[in-house]
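These numbers were taken from a predicted model, which means no experiment stands behind them.
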Amino acid sequence: MEQTTLRSAAIRDGLGVGLAVGLSGVAFGAAAVTAGLTVPQACVLSLLAFTGASQFAFAGTVGAGGDLLAAASGALLLGARNTLYGLRMADVLQVRGVRKLATAQGVIDETTAVALAQPNPAAARAGFYTTFAAVYVGWNLTTLLGAIGTSALGDPGMLGLDVVGPATFLAILWPRLKASAELRWLAAGGMAIALAATPFFPPGVPVLLAAVAVLVVMLR
C-alpha cells in the first residue's frame, strides 16, 4: 500500500511539473519565429533537441545574426549538462537495450529533479517517466501554438516579442542563480567576457567564449 502511495505521489509531482514547464513552450515558439525560424523548424527543434535552455540559446544566436555553427555549438555546450545527469540517472532507472535511446531523450533538469526527490527507485522511475511524458507533450504542443500564433502577426518585432527569448532564458536560470552565490559570480564573469568580446566577434562567438571560460573555472 505504501509503495502504491509513493508512486502516486511521484506521478502527481511529475504531472504538476510537466504542466508548469510545458506551457513555456509557447515562449520558445514565439522566440524561434521572431529569430527567423519557420514554424516547422521551431517544432523540429523541440521534438529533437528537447532542452529548453539550449533551444533558447540557439534561437537567440540565430536571431542576433549568428551562423548555424555558432548557434549549434552554444546549444550543445549548454546541453552537455544532461550528460552528467545521465550518469546519475543510469543507476536509478536501470534501463537496458534500445530503451536507453528513448529514455536518454528525457534526461533533462525537470525529470532528473523529480526522480531524485523520490524516496525509492520505483517511485523515482514513476516520477521520471511521468515528468518526461508530460513535459515532452506539453512543450511540443505549446511550441507549435506559440510558433503559429507569432508567425500570424507578420512582424513579431513590432510587438516587442524579440525579448521573449532572453526573458524566458533568464527565468530558467534565475532559481539556480538565486540559490548559489558561486553561480552568481560565475554568471557575472561569463557576462563580462561576453560583453567584452561582443565588439570583436560575430554573434554567437562571445557566448561560446564566456561559456568555455566558466566551464574551465567550474572544472578547476
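- In this view, R96 and Q94 satisfy the side-chain hydrogen bond (donor to acceptor under 3.5 Å, both in side chains) rule, not counting sequence neighbours.
- Partners of Y129 under the ring-ring contact (aromatic ring centres under 6.0 Å, His included) rule, at least two apart in sequence or in another chain, do not exist in this structure.
- Contact record, W139 with S46: NE1-OG, 2.9 Å, taken as the closest heavy-atom pair.
- Residues L37 and V33 are not in side-chain contact: their nearest non-hydrogen atoms beyond the backbone lie 4.5 Å or more apart.
- Here the side chain of T142 pairs a donor or acceptor atom with the backbone of G22 at under 3.5 angstrom.
- Within the model, atoms CG of L48 and CG of N140 stand 9.0 Å from one another, a figure rounded to the nearest 0.5 Å.
- Here the CG atom belonging to L87 is positioned 11.0 Å from the CG atom belonging to N82, to the nearest 0.5 angstrom.
- Counting heavy atoms from C-beta outward, T143 and V26 have side chains that stay 4.5 Å or more apart.
- For T130, there are no side-chain hydrogen bond (donor to acceptor under 3.5 Å, both in side chains) partners, not counting sequence neighbours.
- Summarising the geometry, atom OG1 belonging to T103 is positioned 11.5 Å from atom CZ belonging to R125; distances are rounded to the nearest 0.5 Å.
- Scanning all heavy atoms of the two residues, the minimum distance from A35 to A59 falls at CB-O, 3.2 Å.
- Residue I148 holds its CD1 atom at 7.0 Å from SG of C43, rounded to the nearest 0.5 Å.
- Taking every heavy atom of both residues into account, A31 and F56 meet most closely at CB-CE2, 4.1 Å.
- Closest of all the heavy-atom pairs between S151 and V39 is OG-CG2, 3.8 Å.
- Between L6 and P119, the shortest heavy-atom distance links the atoms CD2-CG, 3.7 Å.
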Which side-chain N or O atoms in residues 8-16 pair as donor and acceptor under 3.5 Å with protein atoms at least two apart or in another chain?
from	atom 1	to	atom 2	distance (Å)
S8	OG	T4	O	2.9
D13	OD2	Q118	NE2	3.4

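- Under the rule for a side-chain hydrogen bond (donor to acceptor under 3.5 Å, both in side chains), T111 has no partner lying at least two apart in sequence or in another chain.
- Looking only at side-chain heavy atoms (C-beta outward), T112 and R88 stay at 4.5 Å or farther from each other.
- Side chains of Y136 and L47 form a contact here, defined as non-hydrogen atoms less than 4.5 Å apart.
- D109 places a side-chain heavy atom less than 4.5 Å from the side chain of Y85.
- In this structure, V137 is not a member of the same hydrophobic cluster as V21, with clusters built from ILVMFWY side-chain heavy atoms closer than 4.5 Å.
- Using a 4.5 Å heavy-atom threshold, the side chains of F58 and F28 count as separate.
- Here Q105 pairs with nothing under the side-chain hydrogen bond (donor to acceptor under 3.5 Å, both in side chains) rule; sequence neighbours left out.
- The main-chain N or O of T51 is found under 3.5 Å from a side-chain atom of Q55 such that the two form a donor-acceptor pair.
- Residues L84 and M89 do not share a hydrophobic cluster, defined by chaining ILVMFWY side chains whose heavy atoms lie under 4.5 Å apart.
- Within the 4.5 Å cutoff, side-chain heavy atoms of I108 are placed close to those of F50.
- For the residue pair A42 and A32, the shortest heavy atom distance occurs at CB-CB, 3.7 Å.
- You'll find the side chain of V92 stays beyond 4.5 Å of the side chain of F128, heavy atoms only.
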